[in-house]
> 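Dropping the structure in here first, questions after.
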Amino acid sequence: MTRPARVVIQLPSLQHNLSRVRQLAPRSRIMAIVKADAYGHGLVRTATALPGADAFGVACLEEAIQLREAGISAPILLLEGPYSAGELNRIEALKLQIVVHDESQLDMLGQARLPQPVQVWIKIDSGMHRLGFPTSDTERVWQRLRSCPSVAPGIRLMSHLARASEPDSPMTKRQLQIFNETCRIFPAERSIANSAAILLWPDSCQDWVRPGLMLYGVSPVEGRTSRDFDLAPVMSFQSHLIATKALQRGDTVGYGAGWVCPEDMTVGIVAAGYGDGFPRHSSSGCPILVSGIRTTIIGHASMDMLSVDLRAIPAAKVGDPVELWGSRLLIEEVAAHAGTIPYELMCGVHKRLRFEEHGQD
Ligand SMILES: *Cc1c(COP(=O)(O)O)cnc(C)c1O
């Protein structure tokens, strides 16, 4: 028998979430962000399940190659552009689009001799101060790219928001203003909105929107969950009980004797642990569902197993299903408990886990 720990991917939920993006940004084209193995959901599986996306955004050439090899013909944007000049020929051959955010990439393009020009997005730093040219450089960069034979006409402009997940953040207002002002004189398609902006800042939805997290059915807004935005969680992390034991008051559980039974109680052992990507350091007290009933993890997760409090579930037995996160126990809640964000938990699910796809039934 195979190990019970597994990740279930609900493909119809991806489509539901994409249609939510369409409703919220009806005039925008949608670039589905599938970097980092589609936030841990599986790159090719996810892109294949989203035929309605107008384009895909990835972090690197390797990810784009996987998509092309899987037969995805939609436009694909390399969100950080080329990392070296050596990538440009492949980029052109695969008809990929690139972000240009740094002087070094202008040089690469200037020196390249490509059979056909590539589609470029200029990334402008509107205040996040991660990637992008200072706004005052936009005109110069635009001219330089316009005169570059390796760059296709129809250059586009993009930027990224640092605090879009905070309703009413003055910084977001300022970034939107700066971006719009900077773009004003260029006849170019624009994009600035990520998931949080699509959900909270309708004015930010321009020619293109770039949803990531919300496509996976998760809220990027602290204190709000997918339910508040009518999003459907795509990933669930499941396992089952592989042991139960009756312990006595004062008995300890796990490495470091990290839990002391406050009374006589039943404890269950679940086949899932930090070796699967479950956060170890803050697992104690974390909510978990056993047969759909809510209880908590006790002690620290170990590599392949963790322990749960079965006091509320006296009939629990080996083989009972466990949800670590999913459509009933939301990943937002687990992440908050673990002192992290859903992005990190999803990207961290280990590839050793069995992945199951659930399609339309
Ligand atoms: C990751 C990423 C996104 C998507 O962000 P979400 O918060 O997941 O919606 C959009 N744009 C860029 C440039 C990104 O790197």
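Read the numbers this way: they start at 1 and go in the same order the structure lists the ligands and their atoms.
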> Does Arg156 pair with Asp207 as a salt bridge, N-O distance under 4.0 Å?
no
> Would you mind finding which of Tyr216, Tyr39, Trp208, Tyr343 brings a heavy atom closest to atom 7 (O) of ligand 1?
Tyr343
> Which atoms from ligand 1 have a heavy atom of Leu213 less than 4.0 Å away?
6 (P), 8 (O), 9 (O)
> Regarding ligand 1, does Pro211 bring an N or O atom to under 3.5 Å of one of the ligand's N or O atoms?
no
> In terms of relative ring orientation, are Tyr39 and Tyr343 parallel, tilted or perpendicular, with 30° and 60° separating the classes?
tilted
> Any ion pair linking Glu181 and Arg184 (charged N to carboxylate O, less than 4.0 Å)?
yes
> List the atom pairs, with distances to 0.1 Å, where a side-chain N or O of residues 93-107 and a protein N or O form a donor-acceptor pair under 3.5 Å, not counting sequence neighbours.
unit_1, atom_1, unit_2, atom_2, d
Lys95, NZ, Glu92, O, 3.4
Lys95, NZ, Glu92, OE2, 2.7
Gln97, OE1, Trp121, NE1, 2.9
His101, NE2, Glu80, O, 3.2
His101, NE2, Gln105, NE2, 3.4
Asp102, OD2, Ser104, N, 2.9
Asp102, OD2, Ser104, OG, 2.7
Glu103, OE1, Arg140, NH2, 3.1
Glu103, OE2, Arg140, NH1, 2.9
Gln105, OE1, His101, N, 2.7
Gln105, OE1, Asp102, N, 3.3
Gln105, NE2, Glu80, O, 3.0
Gln105, NE2, Pro82, O, 3.0
Asp107, OD1, Arg144, NH2, 2.7

> For atom 9 (O) of ligand 1, what's the nearest protein heavy atom and its distance?
Ser195 OG, 2.5 Å
> So which protein heavy atom does atom 12 (C) of ligand 1 come closest to, and at what separation?
His160 CE1, 3.5 Å
> Sub-3.5 Å donor-acceptor pair from the side chain of Arg45 to the main-chain atoms of Ile9, do we have one?
no
> For atom 14 (C) of ligand 1, tell me which residue out of Lys123, Lys35, Arg210 has the closest non-hydrogen atom.
Lys35
